[in-house]
Amino acid sequence: MTHIMVLGAGYTGMMAAIRVAVKTRRQGARVTLVNASPRFTERLRMHQTAAGQRLTGHAIEKVIAGTGITFLHDRVTGLDPGRHEVTLQSGRVARFDKLVYALGTVTDRSTPGVREHAHVYDDHDGALRLADALKRLTEGTVVVAGGGLTGVESATEIAEAHPHLRVVLLSRGAPASMMGDRARAYVRRAMDRLGIEVREGVEVEKVLPDAVELAGGELVASSVTLWTAGTTGLPLARESGLDVDGRGRVVVDATLRSVSHPDVYAVGDAAAVGQPYGVIHGTCQSGIPTALHAADVIAARLRGGRARPFRFGYFHQPLSLGRADGVIQFTRGDDSPRRAYLTGRWAVVYKETVSSSPLPGFALLKRGLVPARAFRLSSG
């Protein structure tokens with residue numbers, strides 16, 4: 001009996017586990033899903049949790065019920081792909097025949113002071129800690145470091161939920177720089193409306209207990225600092241001997257199989273997946289298709305079938321700007337912006353549809369009703 005182990009139960013790990021369990025049922029494969037938390041974390045909603053919103057919790061065991069998947073609530077502490085072994089925090093050593101590495105990325109904390117003094121979104125508990133810190137503030141300044149989509153969503157959500165606080169967004173370039181000029185201008189107007197102070201073209205040198213130090217020595221006072229400026233792969237992949245890129249992501253071939261260890265597949269943020277236009281960047285939009293494709297490849301190979309190469313093109317960049325506003329930038333396949341974009345109420349509806357799609361998708365996937373290509377357009 002082939003034992004397929006999936007490490008990580010985020011969007012990609014959950015999708016991969018359910019898909020491969022359904023696809024290999026007739027071959028009698030056994031699927032085990034390992035995750036450090038019993039809760040399925042909706043990373044697309046981290047900024048909502050941080051702003052103090054109460055969101056519905058989803059137990060992993062309930063999500064995978066009926067699939068035959070064995071769930072291990074445990075933390076991965078070691079991986080030996082050569083020996084086909086995974087070491088868990090509980091002390092257990094589990095063997096596998098095929099492995100799907102879906103542990104994602106973590107916040108890059110290499111900037112001095114980030115680890116000690118900044119909040120990050122590495123897990124649900126991190127978002128809750130930030131929410132508690134914000135709730136305790138009756139006045140003061142919240143600094144959000146990072147002008148990507150996560151930073152912009154967090155700054156606008158916090159400013160809307162806590163109008164008594166000063167919110168400062170620090171960015172190396174223009175916030176939401178990947179969007180087109182008109183959509184980016186809309187984002188800027190929304191931040192102005194919410195009273196967010198935007199500092200472009202700045203580099204953070206150090207995070208202090210009560211301030212952020214910029215290159216050149218300027219201090220920006222900060223009661224609470226949120227760090228969203230970059231991610232990196234977990235040390236586990238490199239330490240295990242898997243071939244990784246400069247950001248610690250597992251290097252894979254065209255079928256998402258590790259180039260160094262053929263019984264290991266990597267998906268989502270944890271994988272360096274090449275396409276004709278370059279290496280895809282970590283989003284739910286691209287991650288879910290990698291998970292479904294890797295599951296299909298494993299199933300095909302177990303049947304003695306042909307493994308197809310992975311192909312992916314982007315479709316959109318959904319961005320919420322608080323609960324009542326948003327902007328959707330439509331893109332070409334290489335993620336460069338098209339002229340078309342959506343704003344306001346319809347953007348809110350669109351973004352909520354995107355954010356809500358994975359959980360119903362899990363339910364459909366368990367019944368074998370959702371083809372992989374359906375998630376190319378539905379995930380953000």
Side-chain angles (χ1 to χ4, degrees), residues 2-8 10-31 33 67 69 81 96-104 237 242-245 249-316 331-335 357-358 361-362 364-379:
T2 301
H3 183 203
I4 304 165
M5 183 170 287
V6 180
L7 304 184
Y11 295 112
T12 59
M14 192 76 80
M15 286 288 180
I18 295 173
R19 181 77 162 189
V20 80
V22 171
K23 285 277 191 172
T24 62
R25 190 170 290 154
R26 291 184 179 179
Q27 283 73 46
R30 180 164 59 97
V31 179
L33 177 63
T67 62
I69 297 169
F96 63 84
D97 297 302
K98 304 291 181 183
L99 181 81
V100 179
Y101 187 95
L103 290 172
L242 290 168
D243 191 0
V244 298
D245 70 356
R249 299 174 298 183
V250 179
V251 180
V252 296
D253 66 13
T255 65
L256 306 182
R257 184 164 61 175
S258 164
V259 297
S260 60
H261 293 80
D263 288 326
V264 175
Y265 295 75
V267 297
D269 295 3
V273 182
Q275 294 292 283
Y277 51 81
V279 178
I280 64 176
H281 59 85
T283 66
C284 190
Q285 180 183 177
S286 59
I288 285 177
T290 66
L292 297 173
H293 188 86
D296 288 351
V297 167
I298 292 172
R301 283 182 166 139
L302 289 181
R303 295 193 303 267
R306 176 173 173 263
R308 297 179 180 274
F310 177 74
R311 293 290 180 264
F312 173 78
Y314 292 94
F315 179 72
H316 58 194
T331 71
R332 301 178 182 87
D334 64 359
D335 207 31
S357 64
F362 295 150
L364 291 173
L365 202 62
K366 289 195 292 186
R367 299 166 60 189
L369 298 180
V370 182
R373 67 187 63 167
F375 282 95
R376 292 184 185 273
L377 303 186
S378 66
S379 303

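Just the heavy atoms: all of them, side chains too, but no hydrogens, waters or symmetry mates, feed the values below. What you see is a predicted model; the values in this text were computed from it and never measured.
- Taking all atoms of both residues into account, the shortest heavy-atom contact from V100 to A16 is CG1-CB, 4.1 Å.
- Every residue two or more places apart in sequence or in another chain that forms a side chain to side chain donor-acceptor pair (under 3.5 Å) with S260 is listed here: S258.
- Note on residues 251-261: pairs passing salt bridge (Lys or Arg N to Asp or Glu O under 4.0 Å), not counting sequence neighbours, are D253-R257.
- Across all their heavy atoms, A295 and R19 have their closest contact at CB-CG, 3.4 Å.
- In this structure, L99 and P81 have side chains that are not in contact, with every pair of non-hydrogen atoms separated by 4.5 Å or more.
- Within the 3.5 Å criterion, the main-chain N or O of A299 finds no donor-acceptor partner in the side chain of Q27.
- T283 has its side chain out of reach of D335: every pair of non-hydrogen atoms, C-beta onward, lies at least 4.5 Å apart.
- In this view, H281 and Y314 satisfy the ring-ring contact (aromatic ring centres under 6.0 Å, His included) rule, not counting sequence neighbours.
- For the pair G368 and V22, the tightest heavy-atom approach, listed with the atom from each and the gap, is CA-CG1, 4.4 Å.
- Nearest heavy-atom pair across T290 and L256 is O-CD1, 3.2 Å.
- Scanning both residues, A17 and V31, for their nearest heavy atoms gives O-CG1, 4.1 Å.
- T255 approaches H293 most closely through the heavy-atom pair O-CD2, 4.3 Å.
- Scored by the salt bridge (charged side-chain N to carboxylate O under 4.0 Å, His left out) test, D97 finds no partners at all (sequence neighbours excluded).
- Expressed to the nearest 0.5 Å, how far OG1 of T24 lies from CD1 of I298 amounts to 8.5 Å.
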For residues 262-272, please give each side-chain donor-acceptor pair under 3.5 Å, one per line with the distance, not counting sequence neighbours.
{"unit_1": "D263", "atom_1": "OD1", "unit_2": "K98", "atom_2": "NZ", "d": "2.7"}
{"unit_1": "D263", "atom_1": "OD2", "unit_2": "H84", "atom_2": "NE2", "d": "2.8"}
{"unit_1": "Y265", "atom_1": "OH", "unit_2": "R301", "atom_2": "NH1", "d": "2.9"}

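- With rounding to the nearest 0.5 angstrom, the CG atom of L365 is 11.0 Å from the CE atom of M14.
- The backbone N or O of F310 lies less than 3.5 Å from a partner atom in the side chain of Q275, making a donor-acceptor pair.
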